[in-house]
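Here the structure comes first, spelled out in structure tokens, and everything after it is commentary.
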There are 2 protein chains.
Amino acid sequence: MKPSDEIVSEKKAQMRRGLLEFCILLAISDGRAYSSDILKKLKDADLLVVEGTLYPLLSRLRAQELVAYDWEESKSGPPRKYYELTRHGRETLLNLQKTWKELHRSIITLEDAK
Amino acid sequence: MKPSDEIVSEKKAQMRRGLLEFCILLAISDGRAYSSDILKKLKDADLLVVEGTLYPLLSRLRAQELVAYDWEESKSGPPRKYYELTRHGRETLLNLQKTWKELHRSIITLEDAK
DNA sequence: CATAGTACCTTGTACAACAAGGTACCTGGT
DNA sequence: ACCAGGTACCTTGTTGTACAAGGTACTATG
């Protein structure tokens, strides 16, 4: 039997996880961003994400052609991959924002049913 | 390369999935409910869930002592397991509702950052 | 030229949803 | 007495995903 705090935080993490891709698309939608920019934005929004999660996720979004990147040299370190949304990515993001609103309504419906 | 509609609906499903446990706790919080009640409530809130997902999930919530059930005979068919929230389950639900609000804020923060 | 800092990536693990298939109970018709 | 249909519960196998941990490589600085 796991301690109850752990159970709660697992469920919180689970809720957060489902929104990850959506949030990352949102974070990129502002314009060009590389991994540290994205991590920082998510952290500023209180959504903790680690590198090991972000990189495969960006690769996936890339494979689905929702984002594209180009290399840019940095003044302090190795070159960076700057990501931006493709046209297709922008359309998808609009779609997901709609989905988000629908989910919000669903929760309210369930809460009101009480 | 998968068709773009499929990509979008996978992402929608992913968002929905993270909220499943939360929604099921919400659906039960109204009082006693058995599987068909729960499925109906979720469907009414436009959240499609199938049996094969619900049963293991209820077992998990039971193992975590967030819900409890008792058997009740039905007038038309086999007996049913009626679920209700335990005290611990009600506390957890309050916690998750708070988490939900925090996530909502996070999304807004990301949207506003544009 | 070694160290520290930054950036990218991969591998292995654990867990969850879902599809599909299975068991068992009750009722009503023949 | 039996079987067909509806209802309810459950299990197994597959697939996908986040995450921890560890690894490579480039740049600047002392």
Side-chain angles (χ1 to χ4, degrees), chain A residues 2 6-25 32-40 42-43 47-64 66-83 103, chain B residues 2 6-25 28 32-40 42-43 47-64 66-83 96 103:
Chain A
K2 293 193 176 178
E6 193 178 328
I7 289 176
V8 172
S9 60
E10 267 174 23
K11 298 198 187 311
K12 289 185 178 185
Q14 200 178 341
M15 288 171 75
R16 195 178 43 82
R17 260 175 236 143
L19 300 176
L20 259 187
E21 284 199 350
F22 174 43
C23 289
I24 285 170
L25 287 175
R32 294 159 52 77
Y34 82 110
S35 55
S36 284
D37 292 336
I38 298 171
L39 290 176
K40 183 172 184 314
L42 294 174
K43 194 183 164 198
L47 291 164
L48 228 45
V49 180
V50 294
E51 273 197 329
T53 299
L54 182 60
Y55 282 109
L57 211 153
L58 286 172
S59 297
R60 199 162 71 234
L61 294 175
R62 163 73 193 79
Q64 296 169 342
L66 303 181
V67 302
Y69 65 79
D70 48 21
W71 288 98
E72 186 168 310
E73 309 222 334
S74 160
K75 288 175 183 170
S76 59
R80 301 167 174 175
K81 277 187 174 177
Y82 273 85
Y83 287 87
L103 284 173
Chain B
K2 292 194 176 178
E6 192 177 331
I7 289 176
V8 171
S9 58
E10 268 173 20
K11 297 196 187 317
K12 289 186 178 186
Q14 200 177 343
M15 288 172 75
R16 194 178 44 83
R17 259 174 237 144
L19 300 176
L20 259 188
E21 284 200 350
F22 174 42
C23 290
I24 284 169
L25 288 176
I28 298 177
R32 293 159 54 77
Y34 83 109
S35 55
S36 285
D37 292 336
I38 298 171
L39 290 174
K40 182 171 186 312
L42 295 174
K43 195 185 165 198
L47 289 165
L48 227 46
V49 180
V50 295
E51 273 197 328
T53 300
L54 182 61
Y55 282 109
L57 210 152
L58 285 172
S59 298
R60 198 163 72 235
L61 294 175
R62 162 74 193 79
Q64 294 169 343
L66 303 181
V67 301
Y69 65 79
D70 47 22
W71 287 97
E72 186 168 311
E73 308 223 335
S74 160
K75 288 176 185 171
S76 59
R80 301 166 174 176
K81 276 188 175 177
Y82 273 86
Y83 286 88
L96 294 184
L103 284 173

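Here is the naming used below: chain letters follow the sequence lines, and residue numbers restart at 1 for every chain.
Of the candidates L42(B), I28(B), L96(B), L42(B) is the only one forming a side-chain contact (heavy atoms from CB on, under 4.5 Å) with C23(B).
I7(A) has its CD1 atom 15 Å from the C1' atom of dC15(C), to the nearest Å. Rounded to a whole Å, the NZ atom of K75(A) is 11 Å from the P atom of dA28(D). To the nearest angstrom, P of dC26(C) lies 11 Å from CH2 of W71(B). Look at OH on Y83(B): it is 11 Å from C1' on dA8(D), rounded to the nearest Å. For the pair E51(A) CD and dT11(C) P, the computed distance is 16 Å after rounding to whole Å. Atom-to-atom, CG of L54(A) to C1' of dT17(D) comes out at 14 Å; the value is rounded to the nearest Å. One can place CZ of R62(A) at 11 Å from P of dC9(C), the figure rounded to the nearest angstrom. Between the P atom of dA7(C) and the CD atom of E73(A) lies a distance of 14 Å, rounded to the nearest Å.
Atom OG in S9(B) sits 11.5 Å away from atom CD in Q14(B) (nearest 0.5 Å). Put simply, CG on L58(B) and CZ on R62(B) are 11.5 Å apart, with the number rounded to the nearest 0.5 Å. Taking OH of Y55(A) as the reference point, atom CZ of R60(A) lies at 16.0 Å (rounded to 0.5 Å).
Checking dC8(C), dA8(D), dC9(D) against every side-chain atom of S35(B), the shortest atom distance belongs to dC9(D).
Looking at E21(B) and K11(A), a side-chain N of the basic residue comes within less than 4.0 Å of a carboxylate O on the acidic one, giving a salt bridge. The existence of a salt bridge linking R32(A) and D70(A) is confirmed by a sub-4.0 Å separation between a basic side-chain nitrogen and an acidic carboxylate oxygen.
Taking the six-membered ring where the residue is Trp, the centroids of Y69(B) and Y82(B) are separated by 6.0 Å or more.
A close approach under 4.0 Å does occur between a side-chain nitrogen or oxygen of S36(B) and OP1 or OP2 of dA8(D). Between K81(B) and dC10(D) there is a side-chain N or O to OP1 or OP2 distance below 4.0 Å. For Y34(B) and dA8(D), the shortest distance from a side-chain N or O to OP1 or OP2 is below 4.0 Å. Checking the phosphate oxygens (OP1, OP2) of dC9(D), a side-chain nitrogen or oxygen of Y55(B) falls inside 4.0 Å.
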Under 3.5 Å, which protein N or O atoms sit close to an N or O of nucleotides 16-18 of chain C? Give each pair with its distance.
unit_1, atom_1, unit_2, atom_2, d
dA17(C), OP2, R60(B), NH1, 3.2
dA17(C), OP2, R60(B), NH2, 3.4
dA17(C), O3', R17(B), NE, 3.3
dC18(C), OP1, R16(B), NH2, 2.7
dC18(C), OP2, T53(B), OG1, 3.0

